[in-house]
Amino acid sequence: MKTDFSIVVVGGGHAGAEAALAAARMGIDTLLVTGLKSAIARMPCNPSIGGLAKSHLVFELDALGGEMGFNTDLTSLQEKTLNLSRGPAVQATRAQCDKSEYTRRMQLVVNSTKNLTVIEDAALEVITNHDTVTGIRTEKNGLINCEALVITSGTALRGRIFIGKECTESGGDGRPAVNQLSDSLSKLGFQLIRLKTGTPPRLKASSCDFSVCTPQEGEDNPPYFSLRTRYLLSHGLTPGINCSTWNNHDLASSEPISGLCSTWNNANSASESSSTDCSTWNNADLFAPWPLNSAKAICWATHTTPISHEIIRSHLKDSSLYGGMISGTGVRYCPSIEDKIVRFAGVDGHHVILEPEDRAGQIIYPNGLSNSLPRQVQEELVHSVPGLEHAEFLAYAYAIEYDGIDARELTHSLESKRISGLFFAGQINGTTGYEEAAAQGIMAGINAAFKVKHESPLVISRQDAYIGVLIDDLVTKGTDEPYRMFTSRAERRLILRQDNARYRLQEAAERVGILPKVIREETKSFADMINTIEQDNKKLKRVLSVQPDGNPNAEIEIGGSSIQVPDPVVEQVKIRHHYAGYIRQENIAAERAKRDENIKIPHWLDYDKCPAIRYESREKMKKYRPETLAQAGRIPGVNPADISVLAIIIKRGHH
């Protein structure tokens, strides 16, 4: 193997896969270093993607050209919209996935992507020269040189798994722990924090009694995550196309996606339109394990009982979490069942959702029973839950503790403030969840690529995207517990909806250039059409009169010709019209906030020579080195008066 790459990505989880794909698709020679190739893009915990606020991240990731949303659509067992009784700003999409197929397809895409090399190795040390990254030292391949390094180590850094009083070194889900890289980061001056998460047991589906549970079904016409999925289906390609180029042994036993033909990118394409519109999409990108919307899995709802709670209370001292073995901070908003019993002592029962992990319906993930109890106690606990009285264990629950960094060490591009060219993404930055990791991953990969190209980084404002909220919260406020995204974290959630992600990030997607060109062109066409309709009252009334069943149809005249207005345009026009007054106010507030975001704090500013700013604020700004006036204002303990003084100092200039 060669030892010189432009970008090296360490870690092959959701953050690492997105980072590596983004950099490689931007034309950069990229190496992905993972401790276990077969673990790339695994789902070590929940078999789902999306959910409240998390799905906003996936929609935005997809609008930038990321893979998670498309991969989810093609391997999902069930998709549904959450919060349908509420407005579009807080509605969300959630999908149950086949874990093995999700991983298999993502690995196929990673392994077939141009400019991307994958090796199985352990990263031991970050190599620097005068505060600039120059490479990584690995266990098997030694020194590998690079211009930019992205660390996405997940739960592997000094990872420790706990089951009762047992403790095992592991990165989780069968992956090896990485210890020496933690030491390397410490030597470079990074302050490491200890975090904790966990997972429930896995159960044999045939041993569960679903007849006493409540079915939770998906939607017949699911709300797909990806623009690619919706584009392909809207172009009327039908299932069952015989694709002559599917000769790869990895694809031999699989079916084409409904509406797709993998001969796209082949001169002998099955149809002229597919050859013309999708010539940049290769076979691996279009691989799917089964036709779209053909896997209709059902989840089942049950609950814990007072007996369950008594079992837990009587064995708290035996759990790793309450027995004193774990020092890391756990996830507040996704607590273990021990935490729930202690924190909500007066509650008689807690929800447990039985989620299928595979299309064959053999494995059940009991969402809500995450714990670190001894094996025998876990069995007693599970058997006390209605429907699980005779459940057989395929794997036991465990807690995992691992190292992370203080994300306030990073800029908004996710680059280290102390080491040029060193980027971090995912759980190492203090987040929890596949979606938060993937969103950071694509941004780190994009900005590493721009670093190598000597171009300015892509920084997305918190006024424009949940990705911006996520990163700004991390690098400005930091976190002392695993961070999870909520719609309430976004000040502008009315304008940061799933349905308009492609328009909000249109300019960024064009700059990055990895989203298929046909979809970028479609976004521009839709945006122009929306503006044309909104500026013509007659056209607007026509579109607003369209009913969900398409009657009357939305045919309008544009440029001298009558056209049928696409459904996504109709939806967007209706939402924007219905909430027009509120959206107008939100846009004004967002622009006002962006003005502070555009005021950079100059390098010449010496906080020690600014006595008009309170001492506490000066110390915090010296420590975290905010990049903009807006970021300084979000540091806990820095008040508006300090920001006003700081703004005057910046305006006066260096003199």
Side-chain angles (χ1 to χ4, degrees), residues 126 128-134 147-150 185 187-191 405-424 429 443-444 446-464 468-479 508 511 590-655:
V126 176
T128 62
N129 182 24
H130 299 295
D131 297 329
T132 299
V133 76
T134 60
E147 299 173 60
L149 175 64
V150 184
L185 293 174
K187 289 176 183 177
L188 289 173
F190 291 95
Q191 180 181 351
I405 66 163
D406 185 340
R408 290 173 292 190
E409 295 260 13
L410 309 179
T411 68
H412 278 75
S413 67
L414 296 180
E415 182 179 17
S416 166
K417 293 176 180 176
R418 67 174 69 242
I419 307 294
S420 176
L422 178 58
F423 296 80
F424 294 84
N429 288 344
M443 294 304 297
I446 288 169
N447 284 321
F450 282 140
K451 183 81 174 182
V452 169
K453 292 181 176 184
H454 305 290
E455 297 181 21
S456 60
L458 174 65
V459 174
I460 298 176
S461 168
R462 68 183 295 126
Q463 315 302 324
D464 292 331
V469 174
L470 168 68
I471 293 175
D472 186 64
D473 279 353
L474 291 174
V475 305
T476 301
K477 303 174 185 176
T479 183
R511 184 184 172 202
E591 289 304 315
R592 187 184 303 122
K594 283 182 184 178
R595 286 198 289 271
D596 282 350
E597 290 180 354
N598 291 330
I599 300 176
K600 304 289 184 184
I601 296 178
H603 295 295
W604 52 256
L605 195 147
D606 185 346
Y607 292 108
D608 289 328
K609 295 181 180 178
C610 303
I613 298 175
R614 290 181 311 122
Y615 177 79
E616 178 189 359
S617 296
R618 279 183 277 147
E619 290 299 299
K620 289 193 173 184
M621 287 190 281
K622 281 163 59 179
K623 181 177 181 180
Y624 300 120
R625 292 177 287 170
E627 301 164 70
T628 68
L629 199 63
Q631 187 182 359
R634 287 191 285 271
I635 296 175
V638 177
N639 65 31
D642 297 320
I643 298 303
S644 297
V645 174
L646 183 60
I648 293 171
I649 293 171
I650 294 171
K651 186 176 181 180
R652 286 177 176 173
H654 196 186
H655 66 278

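Numbering of residues begins at 1 and proceeds along the displayed sequence. Atom set for the values below is all heavy atoms of this structure, side chains included, hydrogens, waters and symmetry mates excluded. Just so we're clear, the structure is a prediction, and the values are computed from it rather than from any experiment.
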State, to 0.1 Å, how close [X] and [Y] come at their nearest heavy-atom pair, and which atoms those are.
X      : Y      : value
Leu188 : Arg418 : O-CD, 3.3 Å
Leu629 : Ala647 : CD2-CB, 3.7 Å
Leu410 : Ile405 : CD2-CD1, 4.1 Å
Leu458 : Ala508 : CD1-CB, 4.0 Å
Thr411 : Val475 : O-CG1, 3.5 Å
Asn429 : Thr479 : O-CG2, 4.3 Å

Working to the nearest 0.5 Å, report the span between [atom1] of [X] and [atom2] of [Y].
X      : Y      : atom1 : atom2 : result
Ser420 : Asn129 : OG    : CG    : 11.5 Å
Ile599 : Thr628 : CD1   : OG1   : 8.5 Å
Gln463 : Arg595 : CD    : CZ    : 11.0 Å
Arg625 : Ile601 : CZ    : CD1   : 12.0 Å
Glu616 : Met621 : CD    : CE    : 10.0 Å
Cys610 : Ile650 : SG    : CD1   : 9.0 Å

So, does [X] use its side chain to make a donor-acceptor pair with the main chain of [Y] at under 3.5 Å?
X      : Y      : answer
Arg408 : Lys623 : no
Lys620 : Pro636 : yes
Asp472 : Arg462 : no
Lys451 : Ala148 : no
Glu627 : His412 : yes
Asn447 : Met443 : yes

Ile613 and Ile649, any side-chain heavy atoms less than 4.5 Å apart
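SC-SC contact between Ile649 and Ile613 confirmed.
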
Short side-chain donor-acceptor distance under 3.5 Å, Asp642 and Ser617
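Judged by distance alone, the side chains do pair up.
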
Decide side-chain contact (heavy atoms from CB on, under 4.5 Å) for Ile471 and Val459; before the verdict, give the C-alpha distance in whole Å, the side-chain angles of both, and the deciding distance to 0.1 Å.
CA-CA 9 Å; Ile471 293 175; Val459 174; over 6 Å; no

Pair Tyr607-Leu646, side-chain contact (heavy atoms from CB on, under 4.5 Å): steps then yes or no
CA-CA 9 Å; Tyr607 292 108; Leu646 183 60; 4.2 Å; yes

Evaluate side-chain contact (heavy atoms from CB on, under 4.5 Å) for Leu149 paired with Ile419, printing each intermediate quantity in order.
CA-CA 10 Å; Leu149 175 64; Ile419 307 294; over 6 Å; no

Is atom CD of Glu455 surrounded by more than 12 heavy atoms (other residues, nucleotides or ligands) closer than 6.0 Å?
yes

Side-chain ion pair, Lys594 and Glu591, N-O less than 4.0 Å:
yes

Pairing residues for Phe190 by the ring pair (Phe, Tyr, Trp, His ring centres under 6.0 Å) criterion, not counting sequence neighbours
Phe424

Could you give me the CA-CA distance, side-chain angles and deciding distance for Lys622 and Asp608, then say whether side-chain contact (heavy atoms from CB on, under 4.5 Å) is met?
CA-CA 9 Å; Lys622 281 163 59 179; Asp608 289 328; 2.9 Å; yes

